[in-house]
Amino acid sequence: MKKVINDPEQYVAEALEGLICAHPGVYAQSGKTGRVIVRRTPKPAGRVGVASGGGFGHMPLFAGYVSEGFLDACAVGDVFAGPSMDSVGEALRAADRGAGVLAVIGNYGGDKMAFAMAADLLEAAAIPVETVIVADDVASAPPPEAGKRRGVAGVVLAFKVAGAAAEAGWPLARVAAAARKAVERCRSIGVAVSSCIIPTRGQPTFELDHETIEMGMGIHGEQGVWRGALPKADALADEMLDRLTADQALPAGTRVAVLCNSLGATPIEELYILFRRVAHRLRGMDVTIQQAHVGHYATSMEMAGASLSILALDDELCGLMEAPSACPFWRAP
Amino acid sequence: MKKVINDPEQYVAEALEGLICAHPGVYAQSGKTGRVIVRRTPKPAGRVGVASGGGFGHMPLFAGYVSEGFLDACAVGDVFAGPSMDSVGEALRAADRGAGVLAVIGNYGGDKMAFAMAADLLEAAAIPVETVIVADDVASAPPPEAGKRRGVAGVVLAFKVAGAAAEAGWPLARVAAAARKAVERCRSIGVAVSSCIIPTRGQPTFELDHETIEMGMGIHGEQGVWRGALPKADALADEMLDRLTADQALPAGTRVAVLCNSLGATPIEELYILFRRVAHRLRGMDVTIQQAHVGHYATSMEMAGASLSILALDDELCGLMEAPSACPFWRAP
Amino acid sequence: MRSALTTTQGTTTQDITTADVFGACRGIVVRLLATAEELNALDALLGDGDLGSTLASVARALEAQTEPLSDDLGEALAGIARVIAATSGSSFSGIMMTGLLRASRALRGRSSVAVAEIGPTLALALEAMSRIGGGALGEKSVLDGIAAAVEALRQTGNRAALADVDRAVQSAIDNFHDRPCRIGRARLAAERSIGRDDPGMVALKRIIEGIQLGMSSVGSAERR
Amino acid sequence: MRSALTTTQGTTTQDITTADVFGACRGIVVRLLATAEELNALDALLGDGDLGSTLASVARALEAQTEPLSDDLGEALAGIARVIAATSGSSFSGIMMTGLLRASRALRGRSSVAVAEIGPTLALALEAMSRIGGGALGEKSVLDGIAAAVEALRQTGNRAALADVDRAVQSAIDNFHDRPCRIGRARLAAERSIGRDDPGMVALKRIIEGIQLGMSSVGSAERR
Ligand SMILES: Nc1ncnc2c1ncn2[C@@H]1O[C@H](COP(=O)(O)OP(=O)(O)O)[C@@H](O)[C@H]1O
Ligand SMILES: Nc1ncnc2c1ncn2[C@@H]1O[C@H](COP(=O)(O)OP(=O)(O)O)[C@@H](O)[C@H]1O
Ligand SMILES: [Mg+2]
Ligand SMILES: [Mg+2]
Ligand SMILES: [Mg+2]
Ligand SMILES: [Mg+2]
């Protein structure tokens with residue numbers, strides 16, 4: 001295992017500590033076990049709080065998006081394992097600024113159970129909690145079973161929309177509706193080129209030989225739709241885009257936000273080569289790229305590969321996506 | 001070769017095209033062969049231009065730093081091969097806004113020759129050109145031969161200082177002096193964990209077995225100071241920091257900017273684990289981290305590894321480092 | 001091991017008390033720590049490879065728990081659920097926590113329970129796990145293992161039932177071997193799951209092994 | 001191959017004309033394209049592994065050059081330098097360009113040059129390459145290969161000298177085999193460079209092989 005780490009058991013704690021050391025004006029640590037990241041300066045009282053939580057090993061997802069314009073609090077689990085119910089409860093409470101809390105989470109059993117149970121406790125304390133589940137990975141289930149899909153990089157876009165809506169002072173129902181709309185209009189697909197290694201396991205989660213890739217793999221190494229030889233970047237981009245548009249038509253005139261995301265080890269150069277093709281294709285479809293994000297957003301540690309997410313915008317989403325933010329991992333395009 | 005690319009010969013052209021497609025408001029292509037990246041909107045006339053150039057495969061270095069607050073123009077070579085003299089000449093000319101041009105480049109023979117020859121031509125046309133050579137890699141030569149050192153991630157910090165000084169309207173000599181001061185006060189060191197692959201070569205530039213790293217390796221795979229077993233992250237951070245401080249003392253009270261940079265494949269989690277130790281150590285030395293940058297700044301495509309750069313600030317450098325910028329690859333910390 | 005898991009003592013009756021729960025926990029801790037790698041590997045094939053690690057972290061948290069288990073069986077189970085709540089949010093943990101909380105509710109105020117009541121209590125827990133987790137029987141998950149345990153407990157009313165439960169869960173694992181997973185992360189690898197054991201069912205088997213280990217170590221001589 | 005490299009024709013005299021330069025270029029193109037991998041591999045050991053690729057790109061650019069080479073030898077060499085200036089900025093290219101520009105200056109206005117003048121002209125070029133590139137003789141770089149060529153040319157004044165030059169450069173490569181690189185990127189791998197050939201010197205050897213190939217293919221029958 002060639003990881004630049006210390007004790008595998010301290011992987012999460014040390015990385016979080018580094019995150020906070022590097023951005024002391026942005027993040028603060030909270031929670032009984034330190035597994036809640038909150039804003040250094042909470043948002044003004046009376047605004048909706050936005051919380052999330054998830055397993056670790058996807059940096060900057062999830063906790064990196066705690067920032068003005070994004071999340072208020074985030075519960076952090078272990079590598080690829082959801083946060084504890086207690087951490088989730090702490091994150092929801094920390095996010096509460098008196099106007100209720102929106103939880104935006106990926107469609108994973110453990111996370112959903114922890115958030116459901118924790119939200120029940122909060123609601124018992126008269127803090128309204130709404131939950132939006134992101135299930136954007138088209139490779140993980142066919143359209144009739146879209147509710148079964150995994151949440152992947154689209155989670156970041158849902159965070160952005162929810163965070164901007166909350167920052168604007170909208171009430172909980174409207175913030176939740178905007179986030180839900182973003183989720184409905186967002187599709188993603190990933191391709192894995194090599195495996196990641198869970199620190200405590202010390203060996204690759206899966207094996208891909210030196211010319212094989214897996215189309216549609218999830219951000220924890222969950223099965224995709226095919227394994228086969230690595231095609232040219234343009235063919236790969238075409239297939240990914242085709243799968244997204246087969247699931248959500250993008251009529252001429254549509255405005256979109258595009259997220260071309262490295263799963264970790266895939267370098268920026270390759271992302272731009274992929275993105276170039278996507279941009280050409282979208283131009284050919286008369287679809288306008290309102291915003292492009294190319295880089296590391298939702299990773300699987302050192303997994304090589306990339307994902308493509310497309311969010312079809314309307315005026316409201318456009319405004320929310322373009323709203324300012326102070327997140328160190330979100331760049332004004 | 002497991003790269004998400006098309007024709008290896010088109011690697012540079014396609015990645016640059018993707019960069020411009022993704023950030024159409026920031027970058028524009030220029031030059032007879034398209035190998036010059038300029039700002040979409042040039043800076044006001046009468047300001048000093050800042051230009052650079054270098055080989056490709058280090059994204060976002062070099063061309064990614066063409067942006068308000070950073071460079072005005074950048075000549076782009078092939079993978080790990082400097083830009084042509086013609087491209088360099090075009091970049092210098094493009095950067096000229098009537099107040100002279102500062103070239104900030106890495107200490108590489110090819111780049112230096114191309115810039116020297118192109119600058120001669122410009123000066124013959126009465127455009128003053130100053131050149132600042134960045135040679136920050138302490139592993140590449142001992143202090144008495146510091147002039148022989150490679151330029152690595154510190155180049156980014158020199159860009160930031162020069163760009164902010166130029167944006168502030170300072171005259172050429174003062175912009176150059178600020179950049180030179182930054183170079184004098186900046187030290188870097190890298191560690192390679194696995195090799196990169198030059199697309200046209202198709203095979204790793206070097207081999208490191210599954211537990212070996214190379215301390216001090218350059219961003220093109222140039223030899224470092226030792227090969228050996230991967231130590232714990234803290235030990236690695238200690239050695240890197242020790243080597244930097246052995247070369248440039250950081251007395252108590254010093255303020256620094258720290259750049260903890262992925263060479264490509266090393267994931268963000270590991271960078272933060274490394275950075276955490278560096279932050280602890282600096283705190284113990286009573287050195288203040290004024291700015292921390294953790295992420296992908298100066299890479300070697302898919303090379304795994306990291307580099308650590310420290311810039312000792314004074315008031316002037318502090319102000320320049322904190323000046324705003326519109327670069328998609330520079331995050332306000 | 002510390003405090004809670006070492007201070008309470010065994011019982012000589014057939015009825016189940018907190019002492020048994022404590023002994024069972026001690027055995028579960030040992031078994032989960034010993035089989036973490038196996039469970040990770042199984043989960044890596046169909047899910048995300050963390051089942052062993054997350055259960056090991058729960059095991060370590062149980063081991064480190066300093067509060068003694070309450071003599072109230074309901075409170076004792078709730079205490080275990082709280083340890084899980086503070087430690088892990090994986091699917092398996094969520095399911096277990098849900099079951100423990102339901103059983104805790106059923107047993108609140110009781111300091112002992114007849115072996116014959118275990119089956120019906122587990123059935124209540126199973127219903128809650130299915131409702132909260134959204135899974136159904138037949139989908140090849142830990143739920144099918146628990147259903148097999150409930151069935152086995154229906155047959156015998158004494159402590160020897162544990163061996164039957166163990167066998168029943170193994171049979172469930174085997175019966176589902178060639179069927180596809182339809183729930184949890186493995187639902188997305190349904191095809192690939194055919195011919196492979198469900199990690200959660202195997203984890204249940206290891207837990208039951210742990211219970212056998214821990215309960216008999218508390219006073220096997222006096223039993224039956 | 002197109003235009004410039006295919007339209008001019010050979011000469012029958014011992015003097016060197018643009019036709020020879022053209023033929024030499026044609027041979028160099030072939031040799032550099034054929035040995036790109038070898039040069040990359042050598043450069044990968046001591047430098048950054050791009051020497052073959054950058055020279056191949058220069059070769060392709062020369063091949064694609066549509067402007068015919070001027071009959072003025074100085075202009076012809078400057079034209080080649082311009083192709084390099086437009087193509088590559090590597091160290092080796094920078095050194096070559098510097099040398100070509102210096103030789104170009106020396107030969108401006110001349111349509112032919114005696115073989116005996118080549119050595120002194122190359123010596124001028126060598127001086128410029130050393131000055132601009134900051135390298136000195138003995139540092140194990142292409143400069144040492146060129147110095148060996150200058151020396152060999154001092155001995156013979158006719159076209160047969162090419163074979164001597166080729167041998168001399170090979171000897172230089174061999175002589176420096178066990179010495180450390182002290183210039184260029186390889187200076188940073190000085191220890192490692194001992195026992196290895198300097199990539200730039202080997203590239204020079206390939207270029208000279210190309211010149212031999214190209215010059216003889218232009219009209220070897222008429223020669224000597
Ligand atoms: N919704 C569910 N209902 C019942 N059992 C489930 C459910 N989801 C997962 N499981 C069980 O949990 C096991 C996986 O546990 P775990 O590794 O904790 O899941 P994850 O990592 O996906 O959160 C599965 O093998 C299955 O037996
Ligand atoms: N300053 C210099 N002076 C003379 N020759 C040099 C110099 N630098 C490099 N070389 C020669 O160029 C060769 C490497 O060329 P190249 O791969 O283009 O360099 P780089 O990739 O480092 O720019 C070396 O083997 C050496 O012979
Ligand atoms: Mg998990
Ligand atoms: Mg080079
Ligand atoms: Mg799992
Ligand atoms: Mg080279």
Side-chain angles (χ1 to χ4, degrees), chain B residues 8-9 31-33 35 53-55 57 75-89 108-118 120-121 137 139-141 145 147-150 195-206 216-225 300, chain D residues 36-41 43-58 60-61 81-99 101 128-129 131-135 139 141-142 180-193 196 200:
Chain B
E9 298 290 345
K32 221 168 117 188
T33 56
R35 286 303 181 81
V76 182
D78 283 318
V79 173
F80 292 3
S84 74
M85 199 194 86
D86 286 3
S87 297
V88 170
Y108 295 100
D111 299 351
K112 281 194 297 185
M113 281 185 254
F115 272 84
M117 293 190 254
D120 275 356
L121 294 179
D137 186 347
S140 51
E145 296 170 59
K148 279 192 170 187
R149 288 176 177 170
R150 297 179 290 250
S195 182
C196 55
I197 299 175
I198 296 177
T200 51
R201 269 202 88 208
Q203 29 176 309
T205 302
F206 55 91
M217 186 172 266
I219 57 173
H220 309 91
E222 299 98 334
Q223 191 178 28
V225 289
S300 302
Chain D
E37 302 256 312
E38 175 206 6
L39 296 176
N40 275 343
D43 192 35
L45 291 173
L46 301 182
D48 55 355
D50 65 346
L51 182 59
S53 297
T54 52
L55 289 180
S57 72
V58 168
R60 277 191 298 269
R82 276 194 298 273
V83 170
I84 300 178
T87 312
S88 159
S90 71
S91 298
F92 193 90
S93 305
I95 293 289
M96 289 299 117
M97 201 162 55
T98 303
L101 289 174
M129 293 187 243
R131 184 167 31 82
I132 302 272
E139 291 180 338
S141 78
V142 65
C181 287
R182 296 269 175 230
I183 184 75
R185 202 178 300 265
R187 74 185 184 279
L188 308 170
E191 287 303 297
R192 206 198 289 180
S193 68
R196 294 201 158 119

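Hydrogens, waters and symmetry mates are skipped; everything else that's a heavy atom, side chains included, is used. We name chains A, B, ... by the order of the sequence lines, and we start the count at 1 in each one.
Interface remark: B:Arg35 contributes no atoms to any contact with chain D (heavy atom separation under 4.5 Å). Contacts between B:Phe206 and chain D at a heavy-atom distance below 4.5 Å are absent for every atom of the residue. Residue D:Ile95 touches chain B through both its backbone and its side chain, counting heavy-atom pairs closer than 4.5 Å. Contacts of D:Thr87 with chain B are made by backbone atoms alone, with heavy-atom separations under 4.5 Å and no side-chain atom involved. For chain D, the nearby parts of B:Ala81 are the backbone and the side chain; heavy atoms of each come within less than 4.5 Å. If you measure heavy-atom distances from B:Val79 to chain D, the contacts under 4.5 Å come from the backbone alone. With a 4.5 angstrom heavy-atom cutoff, B:Lys112 does not touch chain D via any of its atoms. At a 4.5 Å heavy-atom cutoff, the contact between D:Ala41 and chain B is made by backbone and side-chain atoms alike. Residue contact with chain B, scored on non-hydrogen atoms closer than 4.5 Å, involves the backbone of D:Arg182 exclusively. When heavy atoms are compared at a cutoff of 4.5 Å, B:Met85 approaches chain D by way of both its backbone and its side chain. If you measure heavy-atom distances from D:Arg187 to chain B, the contacts under 4.5 Å come from the side chain alone.
Taking chain D as the reference chain and counting heavy-atom pairs below 4.5 Å, the highest number among B:Gly221, B:Ala114, B:Ser140, B:Ala139 is found for B:Ser140. Contact count versus chain B (heavy atoms, under 4.5 Å) is highest, among D:Ser93, D:Gly135, D:Ser90, for D:Ser90. The choice from D:Ser91, D:Ala44, D:Ala85 that makes the most heavy-atom pairs within less than 4.5 Å of chain B is D:Ala85.
To the nearest 0.5 angstrom, B:Met117 atom CE is 3.5 Å from D:Thr98 atom OG1. Note that CG of D:Asn40 and OG1 of B:Thr205 are 9.0 Å apart. Values are rounded to the nearest 0.5 Å.
The two residues D:Leu188 and B:Arg150 come nearest to each other via the heavy atoms CD1-CG, 3.2 Å. Nearest heavy-atom pair across D:Asp48 and B:Ile198 is O-CD1, 3.2 Å.
Between D:Ser53 and B:Asp78, every side-chain heavy-atom pair lies at or beyond the 4.5 Å cut-off.
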Decide yes or no on side chain to side chain contact (heavy atoms under 4.5 Å, CB included) for B:Met113 and D:Met97, but give the supporting numbers first. CA-CA 10 Å; B:Met113 281 185 254; D:Met97 201 162 55; over 6 Å; no
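Salt bridge annotation for B:Glu9-D:Arg60: present, with a cationic side-chain nitrogen under 4.0 angstrom from a carboxylate oxygen.
Counting only distance, with no hydrogens or angles, the side chain of B:Ser84 and the backbone of D:Ser88 share no donor-acceptor pair below 3.5 Å.
Around the CD atom of D:Glu38, the shell of radius 6.0 Å holds more than 12 heavy atoms that belong to other residues, nucleotides or ligands.
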